[in-house]
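Starting off with a structure, shown below.
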Amino acid sequence: MREYAPFTARAVHIIRSIPRGKVATYGLVAAVAGSPLAARQVVRVLHALSRKERLPWHRVINSRGSISLPRGAGFERQRTLLRSEGVAVTATGSVDMRRHLWVPRIKVSL
DNA sequence: GCCATGGCTAGTA
DNA sequence: GCCATGGCTAGTA
């Protein structure tokens, strides 16, 4: 048994807080986790922990606003899951970010 | 299409 | 060494 390294733990927590009907980008999750340039690590986390941690992995897409999985079973699964949550996804995997991008609530002290 | 990015783990010593 | 990125540019039409 091993506890996750800090970035990984934060990424898991953030991914868990993306609500139904919304999507985040790899880079956004990385930035909220404190490492704006670590988008690829978010990919790694998704890849390695989605199953074990039961993450809403389908709610994370790329910065161009589309599904990054190569066309195939995974791609279709992601599109189906998003649609089932009310997210409009085109046949090619594009999501209307104006409507569905998750904007995390931040706390600001003056 | 290219390539810098980076946290982490498997696997070696 | 992995990885489902991201951002910029050359090169086509």
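Values below: every heavy atom of this structure, side chains too, minus hydrogens, waters and symmetry copies. Nothing here was measured: the structure is a model prediction, and the numbers come from that model. Residue numbers start from 1 in every chain, and the chains themselves are labelled A, B, ... in the order their sequence lines are given, proteins ahead of strands.
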Which nucleotide sits closest to the side chain of A:Ser63: C:dA4, C:dG7, B:dC8? C:dG7
How close or far is atom P of C:dC2 from atom CG of A:Leu49, stated in whole angstroms? 18 Å
Any idea which of C:dC3, C:dG6, B:dG7 is nearest the A:Ser35 side chain? B:dG7
How many whole angstroms separate atom CD1 of A:Ile61 from atom C1' of C:dG6? 14 Å
Provide the Watson-Crick or G-U wobble partner of C:dG1, both distances under 3.5 Å; none if there is no partner. B:dC8
Rounded off to whole Å, could you give me the CG-to-C1' distance for the A:Asn62 and C:dT5 pair? 8 Å
Just the rounded figure in Å: distance from C1' of B:dA4 to CG of A:Leu37. 10 Å
C:dT5, B:dT5, B:dC8: which one has an atom nearest the side-chain heavy atoms of A:Tyr26? C:dT5
Categorize A:Leu69 for me: base, sugar-phosphate, or nothing, with a 4.0 angstrom heavy-atom threshold over every strand shown. base
With distance as the sole test, does A:Arg59 use its side chain to make a donor-acceptor pair with the main-chain N or O of A:Lys22 at under 3.5 Å? no
Report yes if a side-chain nitrogen or oxygen of A:Ser68 is closer than 4.0 Å to either non-bridging phosphate oxygen (OP1 or OP2) of C:dT5; otherwise report no. yes
Spacing of A:Arg64 atom CZ relative to C:dT5 atom P, expressed in whole Å: 8 Å
Minimum-distance nucleotide to A:Trp57 side chain [options: C:dA4, B:dC8, C:dT5]: C:dA4
Is the backbone of A:Val32 close enough, under 3.5 Å, to the side chain of A:Arg10 for a donor and an acceptor to pair up by distance? no
Between C:dC3 atom P and A:His47 atom NE2, what is the distance in whole Å? 5 Å
So A:Pro6, base contact, sugar-phosphate only, or nothing? Heavy-atom distance under 4.0 Å. sugar-phosphate
If we ignore hydrogens and angles and just use 3.5 Å, is the side chain of A:His58 paired with the main-chain N or O of A:Arg79 as donor and acceptor? no
Mind listing the closest non-hydrogen atom pair of A:Trp102 and A:Ala24 along with its distance? CE3-CB, 3.9 Å
What's the CG-P distance between A:Leu46 and C:dA4, to the nearest Å? 10 Å
Are the side chain of A:Arg16 and the backbone of A:Glu53 linked by a donor-acceptor contact shorter than 3.5 Å? yes
Taking any heavy-atom pair under 4.0 Å as a contact, classify A:Phe7: base, sugar-phosphate, or nothing. sugar-phosphate
Rounded to whole angstrom units, what separation is found between the CZ atom of A:Arg40 and the P atom of C:dG7? 13 Å
